[in-house]
Each structure stands twice: as C-alpha cells, then as structure tokens.
Amino acid sequence: MSAGNVQKLCETTKEKLKYAIDKLENFLNEYSLPQLAPETNEETLHFYKGFLSDLRHLLVFSEVSSEKLGIALRRANFDTEFAEKALYNVYHHCVNNFFYPKSESYSEDGRYAYTGQDAIRFRAKPVRPVRDIILDITKVFEDLRDDLTYYESDYLTERRMQSQRTHA
C-alpha cells in the first residue's frame, strides 16, 4: 500500500474512532450499573457488569489507537511502517473487541448483516440506552472492519515475507 493511501486511511480511521470514542465516553459517563440494572437479579447484574466492562475496554483500546494514529499523522516525515502497525492494532484491538466482546453480552448475527436489519443480537433484552449505544457505533466498526480488512491477515503475511527476504 502506498504511503499516501496509508496516510489517508489513518485520517479516516482516526475520524471514525473519534466518533465512537465520543459516544462511548458519553454513555459511560452518563450510565452506571444501578441505573441500567435497578433490580438485583443475579443474571441481569452479570449481563450489565460484563457489558459495561466490555465498553470500558473498547473505549481504552479506541483511545490508545486514536493517539497512535495521531502520532503517525503528526510526524514531519510520515512513517508508513509505524502507521500500518497502528492500523493493524485498530483492527485487532478495536474492531475485534467490538464484534467479539469478552462478556458476550451481544454478538453479530451474520444472517442479518446484508438485509438492512440490525445484525447485533443481545444475549438478554437490554434497556433502551444499551441497545442505542451499540446500534449507534455498530456502523463505525463495520466500516472500520471493511476499511482495514487487509490488516486482518494479509499485513502480517507481507511483513513475514519481507523479513524472510531481508534475512535470506
């Protein structure tokens, strides 16, 4: 990938992450466990604890990735290798953590992905704000997954091949 393409991808990725970060931060600042699960049902509490934990992790991964993209974009001489590593990390830390949350409070159902219906299915029926935050940022992470699909596996394969050529 050319340096110009990588730079443009860093810019658009950073913009998309900023949107998700703002939404996640606002949600996490506004809602707490007692607000989301006022009843003390053990299963409900477990669901929301896991959900909030996953969102906090996603927020931190997104903020760190955004900072690294910012560093790449601010350098006087654009470092393509550094930028590509930052993009790789966005895919593996942000996109993967969105679509495969540790608590499994929601998941993507591929059967709905191309129907125009919501592809996200919750393990338990969530309160409206929980549903809204996930559906609000789903498009961002779908776009990032599409934009960064190269960094899923091709990037590492190319790096290994380059390494083998330099060591041969």
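Values reported hereafter were calculated over all heavy atoms of this structure, with side chains retained and with hydrogens, waters and symmetry mates removed.
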Exercise. Under the side chain to side chain contact (heavy atoms under 4.5 Å, CB included) rule, what do I120 and S107 come out as? Steps first, then yes or no, please.
Key: CA-CA 6 Å; I120 298 295; S107 61; over 6 Å; no

Quiz prompt | Stepwise side chain to side chain contact (heavy atoms under 4.5 Å, CB included) test for F61 and H57 | solution = CA-CA 6 Å; F61 287 136; H57 283 100; 4.2 Å; yes

Self-check item: Derivation and outcome, side-chain hydrogen bond (donor to acceptor under 3.5 Å, both in side chains), residues Y100 and E108
Solution: CA-CA 8 Å; Y100 306 104; E108 181 182 37; 5.5 Å; no

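Side-chain heavy atoms closer than 4.5 Å link hydrophobic residues (I, L, V, M, F, W, Y) into clusters, and following such links, possibly through other members, connects Y19 to F99. Cluster annotation: V60 and F51 are assigned to distinct hydrophobic clusters (Ile/Leu/Val/Met/Phe/Trp/Tyr, side-chain heavy-atom contacts under 4.5 Å, transitive). Put simply, V64 and V90 are part of two different groups of oily side chains (I, L, V, M, F, W, Y) that touch within less than 4.5 Å, one to the next.
In terms of the salt bridge (Lys or Arg N to Asp or Glu O under 4.0 Å) criterion, K14 has no residue partners (sequence neighbours excluded). For D22, the side chain to side chain donor-acceptor pair (under 3.5 Å) partners are K18, not counting sequence neighbours. Looking at residues two or more places apart in sequence or on another chain, you find no side chain to side chain donor-acceptor pair (under 3.5 Å) involving T12. By the ring-ring contact (aromatic ring centres under 6.0 Å, His included) test, Y91 pairs with no residue at all, sequence neighbours left out. Partners of K139 according to the side-chain contact (heavy atoms from CB on, under 4.5 Å) rule, which considers only residues two or more places apart in sequence or in another chain, are E142, D143. Residues passing the side-chain contact (heavy atoms from CB on, under 4.5 Å) test with I71 are R74, R75, F82, sequence neighbours excluded. With sequence neighbours left out, the ring-ring contact (aromatic ring centres under 6.0 Å, His included) criterion links F27 to Y31. Applying the ring-ring contact (aromatic ring centres under 6.0 Å, His included) rule to F98 yields the partners Y106, F141; only residues at least two apart in sequence or on another chain are considered. For A83, the side-chain contact (heavy atoms from CB on, under 4.5 Å) partners two or more places apart in sequence, or in a different chain, are V6, C10, A72, F78. Checked against side-chain contact (heavy atoms from CB on, under 4.5 Å), N89 has the following partners two or more places apart in sequence or in another chain: K85, H93.
Atom NZ of K23 sits about 13.5 Å away from atom CG of L55, to the nearest 0.5 Å. For the atom pair T13 OG1 and L87 CG, the distance stands at 5.0 Å (nearest 0.5 Å). A distance of 12.5 Å separates CG in L144 from OH in Y151, rounded to the nearest 0.5 Å.
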Validation: residues 122-134 side-chain donor-acceptor distances under 3.5 Å, sequence neighbours left out:
| residue | atom | partner | partner atom | Å |
| --- | --- | --- | --- | --- |
| R123 | NE | E104 | O | 3.2 |
| R131 | NH2 | D118 | OD2 | 3.3 |

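The minimum heavy-atom distance between N97 and H92, with the atom names listed, is ND2-O, 4.3 Å. Of all heavy-atom pairs spanning I137 and A20, the tightest one is CG2-CA, 4.1 Å. Contact between S66 and I21 at its shortest, heavy atoms only, is CB-CD1, 3.8 Å.
Screening residues 45-72 for salt bridge (Lys or Arg N to Asp or Glu O under 4.0 Å), with sequence neighbours left out, gives no hits.
Side-chain contact between F47 and E42 is absent, with no heavy-atom pair separated by less than 4.5 Å.
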